[in-house]
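Here the structure comes first, spelled out in structure tokens, and everything after it is commentary.
Every chain is numbered from 1, with letters handed out A, B, ... down the list of sequences. The model shown is predicted, which means the values in this text are computed figures rather than measured ones.
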There are 2 protein chains.
Amino acid sequence: MDIKAVVGRNVKQHREAKGLSQEQLAFEADLHRTYVSGVERGIRNPTVLIVAKLANALGVEPSKLLELND
Amino acid sequence: MDIKAVVGRNVKQHREAKGLSQEQLAFEADLHRTYVSGVERGIRNPTVLIVAKLANALGVEPSKLLELND
DNA sequence: ATGTGACTCATAGTCCGTA
DNA sequence: CTACGGACTATGAGTCACA
């Protein structure tokens with residue numbers, strides 16, 4: 001039950017659902033390409049501010065990115 | 001729409017609903033007393049790992065702490 | 001288009017206090 | 001019991017070259 005992995009999976013899922021590349025998402029969220037990559041792989045431990053940025057770029061609520069819908 | 005303030009409000013709300021003091025919550029979540037204080041005041045920008053710790057100590061899902069239920 | 005290690009610099013998070 | 005400050009140490013933010 002690793003929260004970082006949960007966030008990573010949710011980001012990837014919503015990103016692909018929107019048909020975006022990591023680079024495009026990174027641009028929209030005003031983040032770096034490699035950083036987004038790290039988040040999706042569950043290696044990064046992002047702050048709530050980063051989660052909010054990603055959620056905003058993905059058009060979903062921040063809380064959605066923390067949900068573990070196995 | 002400050003995400004930090006949202007988290008702070010939710011933590012405080014759930015903490016008081018459980019009848020815990022900040023010190024007790026800090027102990028349960030294995031965090032520092034002053035840090036929990038800062039989170040509730042919305043001046044801290046916690047990581048998702050910290051959010052998960054607090055959620056666990058409060059007995060709620062991590063995503064609950066990011067919800068803005070106006 | 002993405003994964004990865006290494007890096008600098010900012011800040012997350014701790015610990016000492018006072019009111 | 002809580003707010004708030006100041007001084008620390010650990011780790012996240014943000015970037016790069018390269019596979």
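- At the phosphate of D:dA3, OP1 or OP2 sits under 4.0 Å from a side-chain N or O atom of B:S37.
- Between the side chain of A:Q24 and the backbone N or O of A:S21, at least one donor-acceptor pair lies under 3.5 Å.
- Atom-to-atom, CZ of B:F27 to P of C:dT14 comes out at 14 Å; the value is rounded to the nearest Å.
- For A:R15, no side-chain nitrogen or oxygen approaches OP1 or OP2 of C:dA1 to under 4.0 Å.
- Nucleic acid contact class of B:E23 (heavy atoms, under 4.0 Å, all strands): base.
- With hydrogens and angles ignored, a donor-acceptor pair closer than 3.5 Å exists between the side chain of A:R33 and the base of C:dG3.
- Put simply, CD1 on B:I43 is 12 Å from C1' on C:dG13, counting in whole angstrom units.
- Using a 4.0 Å cut-off, no side-chain N or O of B:T34 falls inside it from OP1 or OP2 of C:dC15.
- Residue B:R41 places at least one side-chain N or O closer than 4.0 Å to OP1 or OP2 of D:dC4.
- Using a 4.5 Å cut-off on side-chain heavy atoms (C-beta onward), A:V51 and A:V11 make no contact.
- Projected onto DNA chain D by closest heavy-atom contact, B:L49 and B:G38 fall at different nucleotides, the more 5' of which corresponds to B:G38.
- The listed nucleotides are D:dG12, D:dA13, C:dG13; the one nearest the side chain of A:I50 is D:dA13.
- Note: CG (A:N45) to P (D:dA13) measures 7 Å, nearest angstrom.
- Phosphate proximity of C:dG13 to B:H32: absent, as no side-chain N or O sits under 4.0 Å from OP1 or OP2.
- Look at CG on A:L31: it is 13 Å from C1' on D:dG12, rounded to the nearest Å.
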Notebook entry, point to check: Between B:K53 and B:E28, does a salt bridge (charged side-chain N to carboxylate O under 4.0 Å, His left out) hold up when you go through it step by step?
Noted result: CA-CA 9 Å; B:K53 274 189 176 182; B:E28 296 289 341; over 6 Å; no

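- Contact of A:R44 with D:dA13 (side chain to base): a donor-acceptor pair of N or O atoms is detected under 3.5 Å.
- Every residue two or more places apart in sequence or in another chain was checked for a side-chain hydrogen bond (donor to acceptor under 3.5 Å, both in side chains) with A:R33, and none qualifies.
- Between B:Q24 and the phosphate of D:dC1, there is no side-chain N or O to OP1/OP2 separation shorter than 4.0 Å.
- Taking every side-chain heavy atom of A:T47 into account, D:dA13 is the closest of C:dG13, C:dT2, D:dA13.
- B:T47 places none of its side-chain heavy atoms less than 4.5 Å from the side chain of A:P46.
- Atom OH in B:Y35 sits about 21 Å away from atom P in D:dC8, given to the nearest Å.
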